[in-house]
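Both ligands and their constituent atoms are indexed starting at 1 by order of listing.
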Amino acid sequence: MIQNKAPGKDVSASDMEEKFPLASKKNIDHFSKFEVAGVSFGDKLIPVMAGPNMVESEELIVETAISVKKAGAHFLRGGAFKPLSFPYRSEKYTETREDGIKWLGVAKKETGIGIITEVMEEKFLDLICEVTDILQIGSRNMQNYPLIAAAARTKKPLMIKRHFGASLRDWLGAAEYALVEGNQKVILCERGVTVPHTHRDSSRFLLDLQVVPAAKEVTHLPIAVDPSHATFWRPWVKPMSLASVAAGADSIMLEVHPDPENSAVDPLQPIDFTSFSELMISMDRVANITGKKIFDV
Ligand code: PEP
Ligand code: MN
(Lines give C-alpha, C1' and ligand atoms only; values in the text may rest on other atoms or scores of the structure.)
(Ligands and ions follow the chains in the order given, each with its own letter.)
Protein backbone atom coordinates (compact mmCIF):
# COMPACT_ATOMS: atom_id res chain seq x y z
CA MET A 1 0.00 0.00 0.00
CA ILE A 2 0.93 3.68 -0.16
CA GLN A 3 3.62 4.64 2.40
CA ASN A 4 3.62 7.82 4.39
CA LYS A 5 6.72 9.94 3.87
CA ALA A 6 7.82 13.50 3.30
CA PRO A 7 6.01 15.28 0.43
CA GLY A 8 7.59 14.34 -2.88
CA LYS A 9 6.68 13.70 -6.47
CA ASP A 10 4.82 10.49 -5.73
CA VAL A 11 1.57 10.04 -3.85
CA SER A 12 1.88 9.53 -0.08
CA ALA A 13 -0.72 8.41 2.44
CA SER A 14 -0.88 11.92 3.90
CA ASP A 15 -1.47 13.37 0.38
CA MET A 16 -4.50 11.12 0.13
CA GLU A 17 -5.88 12.42 3.39
CA GLU A 18 -4.87 16.05 3.18
CA LYS A 19 -4.06 17.15 -0.38
CA PHE A 20 -6.73 15.33 -2.39
CA PRO A 21 -9.16 13.67 0.02
CA LEU A 22 -12.01 13.84 -2.51
CA ALA A 23 -10.05 12.26 -5.37
CA SER A 24 -8.61 9.52 -3.14
CA LYS A 25 -9.97 6.03 -2.69
CA LYS A 26 -11.48 5.33 0.70
CA ASN A 27 -10.98 1.58 0.41
CA ILE A 28 -9.59 -0.92 -2.05
CA ASP A 29 -12.92 -1.44 -3.88
CA HIS A 30 -13.85 2.23 -4.08
CA PHE A 31 -14.40 3.17 -7.73
CA SER A 32 -16.73 5.95 -8.91
CA LYS A 33 -19.51 5.02 -11.28
CA PHE A 34 -21.62 7.64 -13.00
CA GLU A 35 -23.66 8.22 -16.11
CA VAL A 36 -23.05 10.79 -18.80
CA ALA A 37 -25.75 11.16 -21.45
CA GLY A 38 -26.97 7.65 -20.63
CA VAL A 39 -23.48 6.10 -20.87
CA SER A 40 -21.94 4.58 -17.74
CA PHE A 41 -18.38 5.39 -16.70
CA GLY A 42 -16.38 3.38 -14.16
CA ASP A 43 -18.43 0.23 -14.69
CA LYS A 44 -18.17 -2.76 -17.05
CA LEU A 45 -18.58 -0.62 -20.15
CA ILE A 46 -15.49 1.12 -21.58
CA PRO A 47 -16.95 4.19 -23.31
CA VAL A 48 -15.13 5.19 -26.49
CA MET A 49 -14.80 8.83 -27.57
CA ALA A 50 -13.90 9.13 -31.24
CA GLY A 51 -13.62 11.81 -33.87
CA PRO A 52 -11.28 14.20 -35.64
CA ASN A 53 -8.67 16.29 -33.95
CA MET A 54 -10.51 19.40 -35.06
CA VAL A 55 -14.11 20.07 -36.05
CA GLU A 56 -13.04 21.10 -39.54
CA SER A 57 -16.45 21.54 -41.16
CA GLU A 58 -20.10 20.67 -40.65
CA GLU A 59 -19.92 18.03 -43.36
CA LEU A 60 -16.84 16.36 -41.88
CA ILE A 61 -18.16 16.25 -38.33
CA VAL A 62 -21.61 14.94 -39.31
CA GLU A 63 -20.06 12.27 -41.53
CA THR A 64 -17.71 11.26 -38.72
CA ALA A 65 -20.50 11.22 -36.13
CA ILE A 66 -22.54 8.85 -38.31
CA SER A 67 -19.57 6.52 -38.90
CA VAL A 68 -18.18 6.35 -35.38
CA LYS A 69 -21.66 5.89 -33.93
CA LYS A 70 -22.31 3.03 -36.34
CA ALA A 71 -19.02 1.44 -35.23
CA GLY A 72 -20.18 1.63 -31.60
CA ALA A 73 -18.53 4.81 -30.28
CA HIS A 74 -20.31 6.40 -27.32
CA PHE A 75 -19.10 9.98 -27.78
CA LEU A 76 -17.97 12.18 -30.65
CA ARG A 77 -14.74 14.07 -29.95
CA GLY A 78 -13.42 17.11 -31.79
CA GLY A 79 -11.89 20.44 -30.90
CA ALA A 80 -13.35 23.74 -32.04
CA PHE A 81 -11.19 25.75 -29.65
CA LYS A 82 -7.71 24.22 -30.07
CA PRO A 83 -4.47 24.68 -28.16
CA LEU A 84 -2.40 24.80 -31.37
CA SER A 85 1.31 24.99 -30.46
CA PHE A 86 2.09 28.02 -32.63
CA PRO A 87 0.07 31.18 -33.25
CA TYR A 88 0.16 31.17 -37.05
CA ARG A 89 -2.85 29.98 -39.02
CA SER A 90 -3.61 29.19 -42.64
CA GLU A 91 -6.92 28.59 -44.36
CA LYS A 92 -6.75 24.88 -43.49
CA TYR A 93 -4.85 25.02 -40.21
CA THR A 94 -7.19 27.15 -38.15
CA GLU A 95 -9.62 26.89 -35.29
CA THR A 96 -13.31 26.80 -36.19
CA ARG A 97 -14.32 28.15 -32.73
CA GLU A 98 -18.03 29.20 -32.53
CA ASP A 99 -18.77 27.60 -35.93
CA GLY A 100 -17.17 24.35 -34.78
CA ILE A 101 -19.35 24.25 -31.66
CA LYS A 102 -22.42 24.85 -33.83
CA TRP A 103 -21.41 21.98 -36.16
CA LEU A 104 -20.92 19.66 -33.16
CA GLY A 105 -24.51 20.59 -32.26
CA VAL A 106 -25.67 19.61 -35.74
CA ALA A 107 -23.83 16.26 -35.48
CA LYS A 108 -25.44 15.62 -32.10
CA LYS A 109 -28.89 16.48 -33.40
CA GLU A 110 -28.55 14.30 -36.48
CA THR A 111 -27.13 11.23 -34.73
CA GLY A 112 -27.97 11.50 -31.02
CA ILE A 113 -24.31 10.82 -30.11
CA GLY A 114 -22.86 12.46 -26.96
CA ILE A 115 -20.24 15.17 -27.40
CA ILE A 116 -16.88 15.88 -25.76
CA THR A 117 -15.00 19.03 -26.69
CA GLU A 118 -12.28 21.19 -25.20
CA VAL A 119 -12.76 24.46 -23.36
CA MET A 120 -9.76 26.79 -23.23
CA GLU A 121 -11.30 29.99 -21.91
CA GLU A 122 -13.91 30.52 -19.24
CA LYS A 123 -15.77 33.07 -21.40
CA PHE A 124 -16.79 30.32 -23.85
CA LEU A 125 -18.14 27.93 -21.21
CA ASP A 126 -21.81 28.90 -21.69
CA LEU A 127 -21.62 28.47 -25.45
CA ILE A 128 -19.79 25.12 -25.26
CA CYS A 129 -22.15 23.83 -22.54
CA GLU A 130 -25.14 24.32 -24.85
CA VAL A 131 -23.77 21.49 -26.99
CA THR A 132 -21.29 19.35 -25.10
CA ASP A 133 -21.94 16.48 -22.70
CA ILE A 134 -18.37 16.43 -21.36
CA LEU A 135 -16.02 19.40 -21.02
CA GLN A 136 -12.45 18.50 -21.94
CA ILE A 137 -9.66 20.24 -20.08
CA GLY A 138 -6.66 19.81 -22.37
CA SER A 139 -3.27 18.69 -21.15
CA ARG A 140 -1.90 22.20 -21.52
CA ASN A 141 -4.55 23.53 -19.12
CA MET A 142 -4.22 20.79 -16.51
CA GLN A 143 -2.86 23.32 -14.06
CA ASN A 144 -5.15 26.18 -15.07
CA TYR A 145 -7.00 25.90 -11.78
CA PRO A 146 -9.41 28.83 -12.30
CA LEU A 147 -10.50 27.27 -15.62
CA ILE A 148 -10.98 23.84 -14.00
CA ALA A 149 -12.99 25.37 -11.13
CA ALA A 150 -15.20 27.38 -13.51
CA ALA A 151 -15.74 24.35 -15.74
CA ALA A 152 -16.64 22.23 -12.69
CA ARG A 153 -19.19 24.80 -11.54
CA THR A 154 -21.18 24.32 -14.75
CA LYS A 155 -21.97 20.80 -13.38
CA LYS A 156 -21.07 19.29 -16.73
CA PRO A 157 -18.89 16.19 -16.43
CA LEU A 158 -15.22 17.02 -16.92
CA MET A 159 -12.37 15.10 -18.48
CA ILE A 160 -8.97 16.34 -17.35
CA LYS A 161 -6.12 15.31 -19.60
CA ARG A 162 -2.79 14.77 -17.89
CA HIS A 163 -0.13 17.33 -18.71
CA PHE A 164 2.77 15.60 -20.49
CA GLY A 165 5.12 16.60 -17.68
CA ALA A 166 2.84 16.10 -14.70
CA SER A 167 3.15 13.53 -11.95
CA LEU A 168 0.18 11.47 -10.84
CA ARG A 169 0.24 13.58 -7.68
CA ASP A 170 -0.17 16.84 -9.67
CA TRP A 171 -2.87 15.28 -11.85
CA LEU A 172 -4.89 14.31 -8.77
CA GLY A 173 -4.42 17.83 -7.46
CA ALA A 174 -6.05 19.12 -10.64
CA ALA A 175 -8.96 16.70 -10.20
CA GLU A 176 -9.39 17.88 -6.62
CA TYR A 177 -9.95 21.44 -7.91
CA ALA A 178 -13.02 20.12 -9.78
CA LEU A 179 -14.26 17.85 -7.00
CA VAL A 180 -14.04 20.56 -4.36
CA GLU A 181 -16.54 22.59 -6.44
CA GLY A 182 -19.06 19.80 -5.83
CA ASN A 183 -18.77 18.24 -9.29
CA GLN A 184 -18.34 14.50 -8.88
CA LYS A 185 -18.28 13.59 -12.55
CA VAL A 186 -14.58 13.80 -13.21
CA ILE A 187 -12.69 11.56 -15.64
CA LEU A 188 -8.89 11.59 -15.92
CA CYS A 189 -7.18 10.96 -19.27
CA GLU A 190 -3.60 9.80 -19.86
CA ARG A 191 -2.30 11.12 -23.24
CA GLY A 192 1.45 10.53 -23.22
CA VAL A 193 4.37 12.04 -21.36
CA THR A 194 7.58 13.76 -22.41
CA VAL A 195 10.59 11.44 -22.13
CA PRO A 196 13.98 11.24 -23.89
CA HIS A 197 13.10 8.26 -26.06
CA THR A 198 9.88 7.99 -28.06
CA HIS A 199 11.21 5.59 -30.75
CA ARG A 200 10.37 7.89 -33.70
CA ASP A 201 11.37 11.46 -34.23
CA SER A 202 7.80 12.45 -35.11
CA SER A 203 6.53 11.03 -31.80
CA ARG A 204 6.65 13.68 -29.13
CA PHE A 205 5.36 11.57 -26.25
CA LEU A 206 5.38 8.10 -24.73
CA LEU A 207 2.14 6.52 -23.55
CA ASP A 208 2.45 6.04 -19.80
CA LEU A 209 0.34 2.92 -19.46
CA GLN A 210 1.81 2.25 -16.04
CA VAL A 211 -0.09 5.27 -14.74
CA VAL A 212 -3.37 3.38 -15.22
CA PRO A 213 -2.80 0.75 -12.50
CA ALA A 214 -0.84 3.33 -10.46
CA ALA A 215 -3.78 5.77 -10.53
CA LYS A 216 -6.23 3.01 -9.66
CA GLU A 217 -4.29 2.30 -6.45
CA VAL A 218 -4.99 5.77 -5.16
CA THR A 219 -8.07 7.26 -6.89
CA HIS A 220 -11.65 6.15 -7.44
CA LEU A 221 -12.00 8.31 -10.57
CA PRO A 222 -12.33 6.66 -14.01
CA ILE A 223 -9.08 6.67 -15.98
CA ALA A 224 -9.30 7.18 -19.76
CA VAL A 225 -6.42 6.75 -22.23
CA ASP A 226 -5.83 8.61 -25.51
CA PRO A 227 -3.39 6.51 -27.57
CA SER A 228 -3.68 8.88 -30.57
CA HIS A 229 -2.11 11.92 -28.93
CA ALA A 230 0.36 9.72 -27.04
CA THR A 231 1.81 7.88 -30.03
CA PHE A 232 1.38 10.61 -32.66
CA TRP A 233 1.74 7.78 -35.16
CA ARG A 234 -1.12 5.89 -36.81
CA PRO A 235 0.45 2.39 -36.94
CA TRP A 236 0.97 2.42 -33.16
CA VAL A 237 -2.61 3.42 -32.29
CA LYS A 238 -4.10 -0.07 -32.55
CA PRO A 239 -1.52 -1.91 -30.39
CA MET A 240 -1.53 0.82 -27.77
CA SER A 241 -5.35 0.95 -27.71
CA LEU A 242 -5.50 -2.79 -27.09
CA ALA A 243 -2.80 -2.44 -24.43
CA SER A 244 -4.75 0.41 -22.79
CA VAL A 245 -7.83 -1.78 -22.49
CA ALA A 246 -5.69 -4.62 -21.11
CA ALA A 247 -4.11 -2.21 -18.60
CA GLY A 248 -7.53 -1.39 -17.19
CA ALA A 249 -8.49 1.86 -18.93
CA ASP A 250 -12.07 2.90 -18.14
CA SER A 251 -12.50 4.81 -21.40
CA ILE A 252 -10.61 5.28 -24.67
CA MET A 253 -10.29 8.46 -26.71
CA LEU A 254 -9.29 8.04 -30.37
CA GLU A 255 -8.74 10.32 -33.31
CA VAL A 256 -10.77 9.15 -36.29
CA HIS A 257 -10.94 11.05 -39.57
CA PRO A 258 -12.58 10.29 -42.94
CA ASP A 259 -9.31 11.11 -44.74
CA PRO A 260 -6.55 10.84 -42.08
CA GLU A 261 -3.68 11.99 -44.28
CA ASN A 262 -5.52 15.21 -44.98
CA SER A 263 -6.51 15.93 -41.37
CA ALA A 264 -6.07 19.68 -40.81
CA VAL A 265 -4.24 18.99 -37.53
CA ASP A 266 -1.85 16.14 -36.63
CA PRO A 267 -2.36 14.08 -39.83
CA LEU A 268 0.06 11.36 -38.67
CA GLN A 269 -2.21 10.10 -35.89
CA PRO A 270 -5.88 9.68 -36.92
CA ILE A 271 -7.21 6.34 -38.12
CA ASP A 272 -9.88 5.93 -40.80
CA PHE A 273 -13.44 4.66 -40.35
CA THR A 274 -12.69 1.07 -41.37
CA SER A 275 -9.69 0.79 -39.03
CA PHE A 276 -11.77 2.28 -36.23
CA SER A 277 -14.59 -0.16 -36.75
CA GLU A 278 -12.15 -3.10 -36.71
CA LEU A 279 -10.36 -1.70 -33.67
CA MET A 280 -13.65 -1.50 -31.75
CA ILE A 281 -14.15 -5.24 -32.28
CA SER A 282 -10.56 -6.03 -31.24
CA MET A 283 -10.80 -3.81 -28.15
CA ASP A 284 -14.03 -5.55 -27.19
CA ARG A 285 -12.24 -8.93 -27.35
CA VAL A 286 -9.53 -7.69 -24.99
CA ALA A 287 -12.14 -6.03 -22.75
CA ASN A 288 -14.04 -9.32 -22.49
CA ILE A 289 -10.92 -11.03 -21.08
CA THR A 290 -10.86 -8.46 -18.27
CA GLY A 291 -14.60 -8.77 -17.59
CA LYS A 292 -15.44 -5.52 -19.39
CA LYS A 293 -16.98 -4.60 -22.72
CA ILE A 294 -16.81 -1.95 -25.44
CA PHE A 295 -20.31 -2.35 -26.86
CA ASP A 296 -23.46 -1.42 -24.90
CA VAL A 297 -25.43 -4.38 -26.18
C1 PEP B 1 -7.08 16.98 -28.02
O2 PEP B 1 -7.57 15.99 -27.46
O3 PEP B 1 -7.57 17.51 -29.02
C4 PEP B 1 -5.85 17.58 -27.48
C5 PEP B 1 -5.43 18.78 -27.87
O6 PEP B 1 -5.21 16.79 -26.62
P7 PEP B 1 -4.05 17.10 -25.57
O8 PEP B 1 -4.58 18.18 -24.67
O9 PEP B 1 -3.91 15.79 -24.85
O10 PEP B 1 -2.84 17.48 -26.34
MN1 MN C 1 -4.07 17.40 -30.82
Exercise. Looking only at distance, does K82 have an N or O less than 3.5 Å from an N or O of ligand 1?
Worked result: yes
For this session: For the pair R89 and E95, find out whether any cationic side-chain nitrogen is under 4.0 Å from an anionic carboxylate oxygen.
Result: yes
Exercise. Of the choices M253, R191, R77, which has the non-hydrogen atom that lies closest to atom 2 (O) of ligand 1?
Worked result: R77
Problem set entry | ligand 1 contacted by M54 (non-hydrogen, < 4.0 Å) | no
For this session: Enumerate the atoms of ligand 1 whose separation from the nearest heavy atom of G138 is less than 4.0 angstrom.
Result: 8 (O)
Exercise. Is D250 salt-bridged to K292, going by a charged N under 4.0 Å from an acidic O?
Worked result: yes
Exercise. Can you tell me if CD on E63 sees more than 12 non-hydrogen neighbours from other groups inside 6.0 Å?
Worked result: yes
For this session: Could you list the atoms of ligand 1 found under 4.0 angstrom from a heavy atom of E118?
Result: 5 (C)
Problem set entry | Other residues, nucleotides, ligands: >12 heavy atoms within 6.0 Å of R200 CZ | yes
Problem set entry | Per-atom contacts of ligand 1 with S139, taking only distances under 4.0 Å to non-hydrogen atoms | 7 (P), 8 (O), 9 (O), 10 (O)
Exercise. Does E255 reach ligand 1 with a nitrogen or oxygen that is under 3.5 Å from one of the ligand's nitrogen or oxygen atoms?
Worked result: no
Problem set entry | Exercise: identify the closest heavy-atom pair between F75 and D133 | CE2-CB, 4.2 Å
For this session: Kindly say whether K293 contributes a backbone atom to a donor-acceptor pair with the side chain of D284 at under 3.5 angstrom?
Result: no
